[in-house]
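Presented below is the structure to which this report refers.
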Protein chains: 2
Amino acid sequence: MIPLDKQLHADALQGSEGNRLFRPIPANGVCTLLGDKWTVQVLWRLSLAEEHRLRFSALKKEVDGVTQRMLTLTLRNLERNGLVVRHYFPEVPPRVEYELTEMGGGALRALEGFNFWVRDNLHTIQEYRRAYDDAK
Amino acid sequence: MIPLDKQLHADALQGSEGNRLFRPIPANGVCTLLGDKWTVQVLWRLSLAEEHRLRFSALKKEVDGVTQRMLTLTLRNLERNGLVVRHYFPEVPPRVEYELTEMGGGALRALEGFNFWVRDNLHTIQEYRRAYDDAK
DNA sequence: CGGAATCCAGTTAGATACTG
DNA sequence: CAGTATCTAACTGGATTCCG
């Protein structure tokens, strides 16, 4: 996986280059923005929550196997990209809530098409895999 | 990045779990199927080619910085998933062509929504990043 | 509670050399 | 030409510890 910075830049270049019939698909942006192990799951859990908000600990419970470290890193990235807002309440013990932004919700919706495609083709793909592996 | 097999399985489970208002987005399938460094680029180049076919060497030229090794690995995976077909001509020197399948083209089209989203939001994202990094 | 720091293992990708 | 094999560097993510 390309580091986020380099890849987004590459995507930007791709996007500006495009005077073709089929505009280049900078969908490596998928990888770089959402393509790591936890990002999409975090966005999705937030989208299901009331007011699209969850505390750190609640998020950690819902995202299945995520470690504290990875959840923190994932949220930092999301915040940096403007897909999530961090609300910090300096109480004791401290409370932190993460909120899905408009743009974050949009990212999730933008994946719906692919979501359906996966659902519709998963079975076929698995058959291809079996066939390929058996032939080996 | 989760190994392809495990993740696809996880996606499958997610998909079958879903009796909710918002169906779970198994879009980690993005990562596992297309989320590595070269896969989407390869699909895209094939989609632009005549008859959606290119020789190995042509593909290598078009995909920018890809190494021979990585192109081979990427194509093997695509073939295994049924997104690409490999045509081997036992001449000397040998000739090999890779062809995008119907399903492979579908995968690319399924990413269009996300593609547009990236294009529309790239600038905003970059501004968020600058702001975040400057605040640091 | 929420997170930063450190260390470590596994995976991925690049470079290089060799081959049918 | 289209690979395969090998070695190595880099990155990712997990486990653990400590802190305000």
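Hydrogens, waters and symmetry mates are skipped; everything else that's a heavy atom, side chains included, is used. No experiment lies behind these values; they were computed from the predicted model shown. Residue numbers begin at 1 in each chain, while the letters A, B, ... track the order of the sequences.
- Nearest to the side chain of B/Arg86, among C/dG2, D/dA2, D/dG3, sits D/dG3.
- Whole-Å rounding puts the B/Leu71 CG to D/dA2 P distance at 10 Å.
- Contact annotation: B/Ser57 reaches the phosphate of D/dA2 (side-chain N/O to OP1 or OP2, under 4.0 Å).
- Rounded to the nearest 0.5 Å, atoms CD (B/Gln126) and CG (A/Asn81) are 10.0 Å apart.
- A side-chain donor-acceptor contact under 3.5 Å links B/Asp36 and B/Thr39.
- Rounded to an integer number of Å, the gap from A/Leu75 CG to C/dC1 P is 17 Å.
- Between the side chain of A/Asn115 and the main chain of A/Leu111, no donor-acceptor pair closer than 3.5 Å is present.
- Summarising the geometry, the separation between CG on B/Leu59 and C1' on D/dC1 is reported as 14 Å, rounded to the nearest angstrom.
- Rounded to whole angstrom, the span from the CD atom of B/Gln41 across to the P atom of C/dA13 amounts to 13 Å.
- At C/dG2, one or more side-chain N or O atoms of A/Arg55 fall inside 4.0 Å of OP1 or OP2 (strictly under the cut-off).
- Between A/Lys60 and A/Gln68, the closest side-chain pair of non-hydrogen atoms falls below 4.5 Å.
- Side-chain contact between B/Thr74 and B/Val66 is absent, with no heavy atoms from C-beta onward closer than 4.5 Å.
- The CZ-C1' distance, from B/Arg76 to C/dT12, rounds to 18 Å in whole Å.
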Legend entry - Per-nucleotide protein contact string for nucleotides 14-20 of chain C, where B marks a base within reach and S marks sugar-phosphate only (heavy atoms under 4.0 Å, - for neither): BB----B
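- Protein atom CG of A/Asp64 is 15 Å distant from nucleotide atom C1' of D/dG13, rounded to whole Å.
- Among the heavy atoms of the strands lying under 4.0 Å from A/Tyr98 are primed sugar atoms or P, OP1, OP2 only; no base atom is included.
- Remark: P of C/dG2 and NZ of A/Lys60 are 11 Å apart, rounded to the nearest angstrom.
- Looking at B/Glu62 and B/Arg45, a side-chain N of the basic residue comes within less than 4.0 Å of a carboxylate O on the acidic one, giving a salt bridge.
- With a 4.5 Å cut-off on side-chain heavy atoms, B/Tyr98 and B/Leu78 do not count as touching.
- Between the C1' atom of D/dC1 and the NZ atom of B/Lys61 lies a distance of 11 Å, rounded to the nearest Å.
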